[in-house]
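Per chain, numbering begins at 1; letters A, B, ... match sequence-line order. Atoms considered below: every heavy atom in the structure, side chains included; atoms not considered: hydrogens, waters and symmetry mates.
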Amino acid sequence: MDQLARAAALLGAGIAMGIGALGPGLGEGFVAGKACEGIARAPEHASLITRTMLVGQAVSESTGIYSLVIALLLIFST
Amino acid sequence: MAKKKGNLKWVFLIFIVIEVALVFISSGFNKELEIGIESGKLVFRNVPSHYDLQDKITEDFQRDEFLIKSTRIYLYEIYDFQKFTEYLTNDNPVMSKVFSTFNTAIQKQLRDTASSWNVSLKTELINGLNKKVIGNPEFYEAGFKDHIKGHTTETDFYLSELNKPTRNLTPLDVSRINRIIIEDIIPGSILSRQKILPRIYGSYKAYQICRSLFGETSALGAFYLIRMLLIVDIIFLLLIIFLKKSLSSKPSKGQLIMEMIYNTFDDFVSDTLGRDRLTFTPYIVTIFLFIWISNMVGMIPIPGFMEPTRNINVPLGMGIVVILVVHFTAIRVKGLWGHFEHYLNPIKNPLAALDIVSEFSKVISISFRLFGNILGGAIIIVVVSSLVSYIALPVGLNLFFGIFVGTVQAFVFTMLALTYIGVEISE
């Protein structure tokens, strides 16, 4: 029974990280595309746009980090 | 005014001395306080800290503990055979059971403190300990001696697998474990550490002092966390002392850098909160510098240094403090009822209860972002590097995950703290 719990936890960790990596990848790519458009329109504000893009991507990454924390919890605590 | 500045410098110096003393003293602790709920009751326990690989190290023998494919292996390195025999018979219940199966004459000879420990007696002990090979359900030992290049004649190695009642190791397993130990583990174990590290540190005693100061741990328990936080604080205070000494109109390089950082955050604060609320800038700069220094401390290549933000408590504490500051600032600006009527009025905004929950989710999101990025980065570095045998890849990974992610996450935390205040205050 213990082996079954451990196997299920490892499987769950894989699924959690696998599905959880879809969202941030999509969102951050979208933000980067918009940033490219913004720079193409106004190249003199390139550094400000890049900084805003990085901050936006870091905030959008956080849901991916939540699923990473759940996966680590599953792997190392069962 | 000069006297006030002088007094402040002495206060900082006293703080540094106290913290350095605390860091030295805390190296003696190796117990952890475990708090938990067991069968419905709150339980406090003082357990020995299990984060150290060398879990027993004395003048007479040392014990390494390894885990190879869920087999726990104890590797002994013996300097003083007499003391080791006393340890076997007195302190270790499983080993004393092994010892009691010896021939009684040999037992008496081994226990006798006046007996001369020549090679034949050592051989008797080692072979006797290694003899319980196949088929014993309680304990299984296998061993090897004199097969390792470069070890002295006074030491012998002996490994055992304990407390595994259902597993029987065949001689093939034994030889495989022996080969793993010789090729993979011995280079990193106590023997090689004893040979290599004194060359770096100068002597074995110096290595022991440095090890007691910094620790050699693989996780961040309670006392090691406090020690790392004290070290971060020491760095902070040293930064302040060295830059405050020469605050003049002819700025030095360090002062220029700090003024650049301060001006950047000044611009951010005046953009978000308005020009008359620049009193928030020291608070914002402190948050940024604290998190940034904590993340950078993990890059220093002293063994045992880890970022304090690797433990969940540090980012969680910072997140709670940041959100509390947001609420108190809102109360101070808008008044007690002016702030809370937004949450308690189901008519004016129908989602009032959800707003209360979203305050908690702000705490969790801002803390877990920082914690997950730092800890997850460290775990990814260890896992990927172990796949490529630590060649070439760890440098790039450490550069990215340590410096880039550390700086970006500190920046994002600070900007979010600022934005939350700005949302509450700006009209």
Side-chain angles (χ1 to χ4, degrees), chain A residues 1-32 35 38 42 44-78, chain B residues 36 50-51 67 70 166 218-220 264-265 267-268 271-272 288 291 295 309-312 315-316 319 361-383 400-401 403-420 422-423:
Chain A
M1 210 51 206
D2 200 26
Q3 301 266 355
L4 185 61
R6 175 122 187 103
L10 289 175
L11 186 64
I15 294 181
M17 201 54 222
I19 297 185
L22 286 174
L26 216 62
E28 290 177 13
F30 198 68
V31 168
E44 68 267 11
H45 291 139
S47 67
L48 178 64
I49 294 179
T50 308
R51 205 174 58 213
T52 312
M53 173 191 88
L54 282 176
V55 171
Q57 282 183 335
V59 174
S60 154
E61 178 98 28
S62 58
T63 43
I65 301 290
Y66 300 161
S67 62
L68 175 70
V69 168
I70 298 290
L72 288 177
L73 260 170
L74 281 173
I75 294 181
F76 288 115
S77 307
T78 303
Chain B
H50 206 66
Y51 294 119
L67 210 58
S70 78
T166 56
S218 59
L220 207 56
T264 316
F265 283 104
D267 293 336
F268 284 140
D271 277 342
T272 320
F288 175 72
I291 300 182
N295 291 344
T309 41
R310 205 185 269 208
N311 198 326
I312 181 58
L316 201 58
S361 95
K362 274 187 204 171
V363 174
I364 302 237
S365 88
I366 203 176
S367 322
F368 271 83
R369 183 177 303 118
L370 180 61
F371 165 68
N373 267 299
I374 307 294
L375 179 69
I379 290 188
I380 290 180
I381 289 177
V382 167
V383 167
F400 174 69
F401 279 112
I403 300 186
F404 183 68
V405 169
T407 314
V408 165
Q409 286 309 312
F411 188 66
V412 165
F413 193 98
T414 315
M415 293 306 291
L416 270 178
L418 191 55
T419 310
Y420 287 152
V423 161

Chain A/chain B interface donor-acceptor pairs under 3.5 Å:
unit_1, atom_1, unit_2, atom_2, d
A:S62, OG, B:R369, NH2, 3.3

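In terms of the side chain to side chain contact (heavy atoms under 4.5 Å, CB included) criterion, residue partners of B:I312 (sequence neighbours excluded) are, by chain and number, B:F368, B:F371. Applying the side chain to side chain contact (heavy atoms under 4.5 Å, CB included) test to A:A16 and every residue at least two apart in sequence or in another chain returns nothing. Every residue two or more places apart in sequence or in another chain was checked for a ring pair (Phe, Tyr, Trp, His ring centres under 6.0 Å) with A:F30, and none qualifies.
Within the model, atoms CG of B:L370 and CG of B:L416 stand 11.0 Å from one another, a figure rounded to the nearest 0.5 Å.
For the pair B:G319 and B:V363, the tightest heavy-atom approach, listed with the atom from each and the gap, is C-CG1, 4.4 Å. Of all heavy-atom pairs between B:V412 and A:A58, the closest is CG2-CB, 3.3 Å.
Using a 4.5 Å cut-off between heavy atoms, A:V59 touches chain B through backbone and side chain atoms alike.
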